[in-house]
Number of protein chains: 4
Amino acid sequence: MSGTTVARGRIDKRQAILDAAFTVFAREGYAQAGVDAVAAEAGVAKATVYNHFGDKENLLRAAFAAVAEDALAKNMAAVERLTGEGDLRERLESVGLALMDCYCDERSWALRRLMAAELSQLPDLLDIVQRRAADRVMEALADRLARLALAGRLQLTDPLLAAEQLAALLSAPLDRRTRLGTQEVPEEELRHLAKAAVDTFLRAFGKEPAEAV
Amino acid sequence: MSGTTVARGRIDKRQAILDAAFTVFAREGYAQAGVDAVAAEAGVAKATVYNHFGDKENLLRAAFAAVAEDALAKNMAAVERLTGEGDLRERLESVGLALMDCYCDERSWALRRLMAAELSQLPDLLDIVQRRAADRVMEALADRLARLALAGRLQLTDPLLAAEQLAALLSAPLDRRTRLGTQEVPEEELRHLAKAAVDTFLRAFGKEPAEAV
Amino acid sequence: MSGTTVARGRIDKRQAILDAAFTVFAREGYAQAGVDAVAAEAGVAKATVYNHFGDKENLLRAAFAAVAEDALAKNMAAVERLTGEGDLRERLESVGLALMDCYCDERSWALRRLMAAELSQLPDLLDIVQRRAADRVMEALADRLARLALAGRLQLTDPLLAAEQLAALLSAPLDRRTRLGTQEVPEEELRHLAKAAVDTFLRAFGKEPAEAV
Amino acid sequence: MSGTTVARGRIDKRQAILDAAFTVFAREGYAQAGVDAVAAEAGVAKATVYNHFGDKENLLRAAFAAVAEDALAKNMAAVERLTGEGDLRERLESVGLALMDCYCDERSWALRRLMAAELSQLPDLLDIVQRRAADRVMEALADRLARLALAGRLQLTDPLLAAEQLAALLSAPLDRRTRLGTQEVPEEELRHLAKAAVDTFLRAFGKEPAEAV
DNA sequence: GATGAATGAGGATTCATTCAT
DNA sequence: GATGAATGAATCCTCATTCAT
């Protein structure tokens, strides 16, 4: 019983450090952020951070992986809602909006920013985020598009390319609009962008005649 | 004469520092890079760097602006080649490829990475890169698309959105393929991606019937 | 039975820690060596070390005393072999060689090095080693020399001084030859040095005419 | 002129750091001593220490070398006074006393203690002290003894061994008496020890009949 | 204007020690 | 009694920045 408490305490502490690390790194940048700040944010002693994670670099990796995993799960859930049921356009718009939400999540932006920042020093971060998360989402999306094509609802030959393009249409405009995640975009505009992306996508790959933008 | 030489020496030195700064910052990251390293790369004394640029932050800004300006010019030149002459698809593919080249340029990647890295600390970098460069390219592209629409070659109502989507189709797939600029992509694949982007774009916005992918 | 086992386990553990401590301190230096390293070498948890010895300083003292005791015993055994029986020169050479062996023992060197290192911080180490060991060896040697003088085999008035000088002749040249214990000296050279020391000693204090070196 | 001032300032600072380093290391031990303390003692900023010497280890080496050089010079001067002029015993006693003074010098003790302490971590310190100083003194002493032997004043075949033994007789008893340099020995006792050492030496290697101790 | 030297503030990391179990 | 985890103080070293020349 008390054993559980301790174990829990340990786990909690580890998790608290991971959360704190990501928060602080996201806020101040990896290089600028002090391990002191992480420890303070987590409410533990600096040495405890080192006991758990060895060094700052490894701490970043761990925090990274944790957030990337969350993001992966959220993205996957969104993609998995892309089935053939109901109206295709509506479904695509709904899924697209969900993906946009994932993309705009504060921690997602932070993840991408941190990765870009440290890419040249810590190239393996890219594997964590891209190979273990982004690529898999893309593959899953390609799978769904392929099934829709098989079902005669879409017209495409390279599902991975189509997935990439759909993702591109959904996400890329957000870079400018949100100023790389530093500016909120009203829900309404998101909806509009999702519609526009899906519209373009369907004009290119849909079977039904598309409407004008 | 010696005056000229000196003045030239001064200008050269300034330029050398800017180049060195960008190189070093790109290689090691802004925070990790020491002003020593920049000075060494430029072949001047550390104090000279301070004489010219005051402090490290300002040095980054200046180096940033210089590179952003170059990138802007290159992008603008590419966009300006998008006229109504000749076959539209060919033209779009050619311009698209040129834009991709700009996007893939090593210094461009470095620019975006550095910006992402320092965004939270130095938000004004974003203005330099986005407002003074990316946005203007997008507007110019929108202009050209608008003229093509007016000329009856394209069918679109929101040229800025169309420009964003074209840019999205061109650039976003590169993020994955080049692993954020850390991996070369063969010219052939670039060409293929450009074709695919333009194909999708034309199916959505073209007047002529589009071919299959 | 289990009580015995446990008690034995405890004693073994204590001894293991002492051995480990001396080994680690000798290898890495007292200040540089971590208590972690000692615990690891002993195969126990760090806290166990503290349970047994209270703090690092005390651990050093205990480890020190243990090794000093061993060294004392070995030295005493050598000195006690210095009796009047048989040929005096041979006996002196044999005892001298034995003392040299003690002096050259790896742990002896470590003892002296550690003591030198910590002398200013922990002056009481000197008492452990010198007063409780070296001085007693010297007194014992003086005793034996005095008896030999009484027996008419040696000619000396201050046996302690003679003992010091004999010890000096035996040990001091080893400092240079072994480079303070970091270099092995071949047995043959040891023998030669012992002979030379005894020869000089006998020329100064012997009654029989001495040979040339 | 002002240039001289600067250069002088720099040299002074360097020398001040070296002095301070040796003082602090000797007082607190190399490992325990902080570079802060050295800087404070020298009256400079910590970073200045690093500017001059790179790291702590190198600082130790430099401080070491400086003190070793002084010690070498003092020892050499003493040895060089060992000529054939005048009464041999008196001369030897005088030189012996001078060597003892060198040996007992506070900085000499510190040098040997520091070396012993750090020997296993920084084996090259031994070269600085032994090869570059102690060995040379011994050779010089051997030279002088050889000349005395040639001149018929001493009777010896291996001058280096004789030198080692003379040095042994002079120095080794001091280890005990001064408790490794932590206790003052009155001048009178030094004189007595020098006499005793020389007496034993002359009995072994002299040509004139030796007196009783 | 360019430089070498100096500095103060700060950052990553280690370590002796304690405590709850 | 033995342990794993936690901690606070210290330590080495770096770096942006300034000054005298």
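The structure displayed is predicted, hence computed values, not measured ones. Chain identifiers are assigned alphabetically (A, B, ...) following the order of the sequence lines, protein sequences preceding nucleic acid strands; residue numbering begins at 1 within each chain.
Checked against F:dT7, F:dC13, E:dA16, the side chain of D:Y50 finds its nearest nucleotide in F:dC13. With distances taken from any side-chain atom of C:K56 to the nucleotides E:dA16, E:dT7, E:dT14, the minimum falls on E:dA16.
Between D:R14 and D:F53, some side-chain heavy-atom pair lies under the 4.5 Å cut-off. Within the 4.5 Å cutoff, the side chain of D:Y30 has heavy atoms near those of the D:K56 side chain.
With hydrogens and angles ignored, the 3.5 Å screen pairs no side-chain donor or acceptor of C:T48 with any backbone N or O of C:V44.
Exactly one of C:L60, C:I128, C:L114 qualifies for a side chain to side chain contact (heavy atoms under 4.5 Å, CB included) with C:L122. That residue is C:L60.
Residues C:G34 and A:D55 each lie close to DNA chain E; by heavy-atom proximity, the contact nearer the 5' end of the strand is made by A:D55. Along DNA chain F, the nucleotide closest to A:G43 and the one closest to B:D36 are compared, and the more 5′ of them pairs with A:G43. The residue among A:Y30 and D:V44 whose nearest nucleotide of DNA chain E lies closer to the 5′ end is D:V44. Each of C:T48 and B:Q32 has a nearest nucleotide on DNA chain F; the 5'-most of these lies closest to C:T48.
Atoms CG (D:L60) and P (F:dT11) sit 17 Å apart, rounded to a whole Å. Rounded to whole Å, the distance from CD on D:Q121 to C1' on F:dC12 is 16 Å. Between A:F53 atom CZ and E:dT13 atom P there is a gap of 14 Å when expressed in whole angstrom units. Counting to the nearest Å, the P atom of E:dT14 and the CD atom of C:E28 are 14 Å from each other. Rounded to a whole Å, the CG atom of D:L59 is 10 Å from the P atom of F:dC13. Taking atom CD1 of residue B:I17 and atom P of nucleotide E:dG1, one finds them 13 Å apart after rounding to whole Å. The separation between B:R14 atom CZ and E:dG1 atom P is 13 Å, rounded to whole Å. Summarising the geometry, the separation between CG on B:D12 and P on E:dA2 is reported as 12 Å, rounded to the nearest angstrom.
Donor-acceptor pairing under 3.5 Å is recorded for the side chains of D:E118 and C:Q32.
In the interface, the side chain of A:K46 is paired with the base of E:dT13 through a donor and an acceptor atom under 3.5 Å apart. Side-chain atoms of D:N51 and base atoms of E:dA6 include a donor and an acceptor less than 3.5 Å apart.
Looking at heavy-atom distances under 4.0 Å, A:A33 makes contact with sugar-phosphate atoms alone, never a base.
With a cut-off of 3.5 Å on both pairing distances, the Watson-Crick or G-U wobble partner of E:dA20 is F:dT3. When both pairing distances are held under 3.5 Å, F:dC12 makes a Watson-Crick or G-U pair with E:dG11.
When the side-chain nitrogen and oxygen atoms of C:H52 are compared with OP1 and OP2 of F:dG1, none of them lie within a distance under 4.0 Å.
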